[in-house]
Amino acid sequence: MKFSMNLLLWGTQIDESLFPTLELIQEIGFEGVEVPIFNNNPDAWHNWRKKLDELGLHRECDTFCGPTENLISPDASIRANALTNLKRIVDCGAVLGATKLMGPYHSAISVFTGRPAAADEWNWGVEGIHQLAEYAQSQGITLGLEYLNRFELYLTSCGDELIRFVDDVAHPNCKIMFDTFHANIEEKNIGDCIRKMGDRISFIQLSENDRSTPGKGNVDWEGTFQAIKDIHYDGWLSIEAFSPKLPAANIWRKMFDSEEQLMRDGLAFIRNSCHRIGI
């Protein structure tokens with residue numbers, strides 16, 4: 001098993017000011033990082049690749065979309081803009097040296113109609129992601145789609161919906177990225193959801209119910225790690241934690257002493273859990 005850290009803990013200012021943080025992440029013992037990509041200029045990522053290579057850190061990338069880049073918008077020009085933007089982000093990931101682009105970008109975050117997803121919206125999403133998967137395949141990148149909880153997304157807000165969506169896309173470069181935070185809200189049983197997703201899962205984010213240090217809250221970690229073992233998953237386990245530095249997460253209080261403390265305690269918890277379960 002390999003362990004990663006999501007840089008969204010430090011907010012959305014993803015630039016070279018984070019290079020000392022990368023050094024700390026490597027020193028603590030993480031083998032990789034998740035790099036959020038909001039700057040879709042590929043030229044911006046060459047120095048990042050060089051720094052990550054120097055540190056020997058693996059890297060994958062994440063993104064999400066807003067209302068002007070929405071693959072399920074009834075406005076065809078907005079759907080086209082979303083696909084163009086996502087292809088550029090794939091290009092950025094290729095420059096970075098990533099093999100996965102992950103996130104809930106099959107639709108826009110916090111954009112709601114007041115109704116469940118309509119058939120047209122579903123079909124637009126499937127069509128857009130299939131086109132993106134084709135392009136990503138040519139760049140050596142696999143998509144890892146994520147579902148969010150009902151308060152953030154409505155196209156897919158549980159495991160069953162995301163399984164159906166990915167199966168409808170039916171492309172070898174379209175997989176699932178699983179996040180325990182959203183599962184803790186939406187699933188009857190996190191372990192059963194993981195087992196049902198099975199080998200569709202290409203990446204796992206471990207996130208506590210309050211987005212702070214994994215192991216300090218009420219997520220069913222025993223059931224989560226047992227299910228990871230049951231599906232013979234041997235990929236990345238990544239800590240995704242947030243702070244008031246990420247306003248979009250609606251976290252208005254700090255729930256840990258420092259980012260360094262969160263990383264050290266979280267990584268120790270994950271390693272101990274894997275050892276105990278026999279992963």
Side-chain angles (χ1 to χ4, degrees), residues 1-38 48 51-52 54-62 64 96 98 102-103 146 148-149 152 177-185 190 203-226 228 233 235-279:
M1 201 65 69
K2 297 165 288 188
F3 307 107
S4 182
M5 187 70 211
N6 192 316
L7 296 181
L8 281 176
L9 180 61
W10 291 269
T12 56
Q13 186 178 339
I14 309 299
D15 56 32
E16 294 179 15
S17 67
L18 284 177
F19 282 6
T21 298
L22 297 178
E23 295 170 3
L24 177 61
I25 289 170
Q26 190 264 354
E27 183 270 323
I28 287 173
F30 291 93
E31 298 153 282
V33 290
E34 286 182 74
V35 182
I37 295 183
F38 304 117
W48 271 81
K51 183 64 175 180
L52 291 166
E54 288 174 357
L55 293 171
L57 284 173
H58 184 86
R59 73 298 313 244
E60 301 298 0
C61 51
D62 308 291
F64 54 81
L96 191 63
M102 301 174 293
E146 178 184 13
L148 304 191
N149 65 78
E152 299 181 64
M177 191 272 285
F178 183 79
D179 183 335
T180 58
F181 174 81
H182 303 291
N184 186 64
I185 295 172
I190 294 177
F203 197 90
I204 295 176
Q205 290 178 339
L206 302 179
S207 186
E208 194 51 89
N209 69 287
D210 62 355
R211 290 295 199 185
S212 66
T213 311
K216 302 291 187 183
N218 64 24
V219 168
D220 176 17
W221 292 114
E222 194 77 12
T224 296
F225 285 105
Q226 183 60 56
I228 290 171
Y233 177 81
W236 289 91
L237 298 178
S238 186
I239 293 178
E240 184 181 56
F242 298 153
S243 76
K245 293 178 180 178
L246 185 68
N250 295 318
I251 293 173
W252 313 117
R253 64 191 190 281
K254 192 170 183 179
M255 293 171 286
F256 50 87
D257 294 336
S258 68
E259 286 87 358
E260 180 175 351
Q261 167 263 316
L262 184 151
M263 288 193 289
R264 292 190 186 277
D265 290 354
L267 182 57
F269 169 74
I270 293 168
R271 281 176 167 163
N272 290 339
S273 297
C274 288
H275 179 74
R276 186 180 66 256
I277 296 293
I279 297 174

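Bear in mind that the values here come from a model prediction, so they are computed numbers and not experimental data.
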Side chain to side chain contact (heavy atoms under 4.5 Å, CB included) for Thr12 and Lys245? Distances and angles first, verdict last. CA-CA 8 Å; Thr12 56; Lys245 293 178 180 178; over 6 Å; no
So Asn149 and Phe181, do their side chains get closer than 4.5 Å, heavy atoms only? yes
Looking at side-chain heavy atoms only, is the closest gap between Leu55 and Phe19 below 4.5 Å? no
Heavy-atom pair with the smallest gap, counting every atom of Trp48 and Glu16: NE1-N, 4.2 Å
Look at Lys51 together with Asp15 and state whether they make a salt bridge at an N to O cut-off of under 4.0 Å. no
Could you tell me if the side chain of Met263 sits less than 4.5 Å from the side chain of Leu24, heavy atoms only? yes
Glu23 atom CD: more than 12 heavy-atom contacts under 6.0 Å: yes
Between Gly235 and Met1, what is the shortest heavy-atom contact and its length? O-SD, 3.1 Å
Hey, mind stepping through Leu246 and Ile251 against side chain to side chain contact (heavy atoms under 4.5 Å, CB included) and telling me if it holds? CA-CA 7 Å; Leu246 185 68; Ile251 293 173; over 6 Å; no
Atom OG of Ser238 and atom CE of Met102: how far apart are they, to the nearest 0.5 Å? 7.0 Å
Counting only N and O atoms by type, is there a donor-acceptor contact under 3.5 Å from the side chain of Gln261 to the main-chain atoms of Asp257? yes
Provide the closest heavy-atom pair for Pro247 versus Trp252 in the form atom of the first, atom of the second, distance. O-CH2, 3.8 Å
What distance do Leu7 atom CG and Leu22 atom CG have between them, rounded to the nearest 0.5 Å? 6.0 Å
Are the side chains of Phe269 and Arg271 in touch, meaning some heavy atoms are under 4.5 Å apart? no
Parallel, tilted or perpendicular: ring planes of Phe203 versus Trp236, cut at 30 and 60 degrees: parallel
Sidechain-backbone polar pair: Glu208 side chain, Asn218 backbone, donor-acceptor under 3.5 Å: yes
Do side-chain atoms of Ser207 reach the backbone of Glu240 as a donor and acceptor pair under 3.5 angstrom? yes
Going by heavy atoms in the side chains, are Asp210 and Lys216 under 4.5 Å from each other? no
Rounded to the nearest 0.5 Å, what separation is found between the CD atom of Glu260 and the CG atom of Asp265? 10.0 Å
For Glu31 and His58: C-alpha separation, side-chain torsions, deciding distance, then whether side chain to side chain contact (heavy atoms under 4.5 Å, CB included) applies. CA-CA 6 Å; Glu31 298 153 282; His58 184 86; 5.8 Å; no
Nearest non-hydrogen partners of Ile37 and Cys61, listed with the distance: CD1-CB, 3.6 Å
Let me confirm one number: the CZ-CD1 distance from Phe3 to Ile28, rounded to the nearest 0.5 Å. 14.0 Å
Side chain proximity check, Leu237 to Ile228, heavy atoms < 4.5 angstrom: yes
Please examine the side chains of Pro36 and Asn6, heavy atoms only from C-beta on, and report whether any two atoms are closer than 4.5 Å. yes
Rounded to the nearest 0.5 Å, what's the gap from NE2 on His182 to CD on Glu146? Could you check? 4.5 Å
Can you see which heavy atom on Ser273 is nearest to which on Phe225, and at what distance? CB-CE1, 3.4 Å
Rounded to the nearest 0.5 Å, what separates atom CG in Leu206 from atom CD1 in Ile239? 7.5 Å
Taking all atoms of both residues into account, what is the closest heavy-atom pair of Phe256 and Ser212, and its distance? CD2-CB, 4.4 Å
Is a side-chain N or O of Arg59 found less than 3.5 angstrom from the main chain of Leu96, in a donor-acceptor match? yes
Run the side chain to side chain contact (heavy atoms under 4.5 Å, CB included) check on Gln205 and Asp62 step by step: do they pass? CA-CA 11 Å; Gln205 290 178 339; Asp62 308 291; 4.1 Å; yes
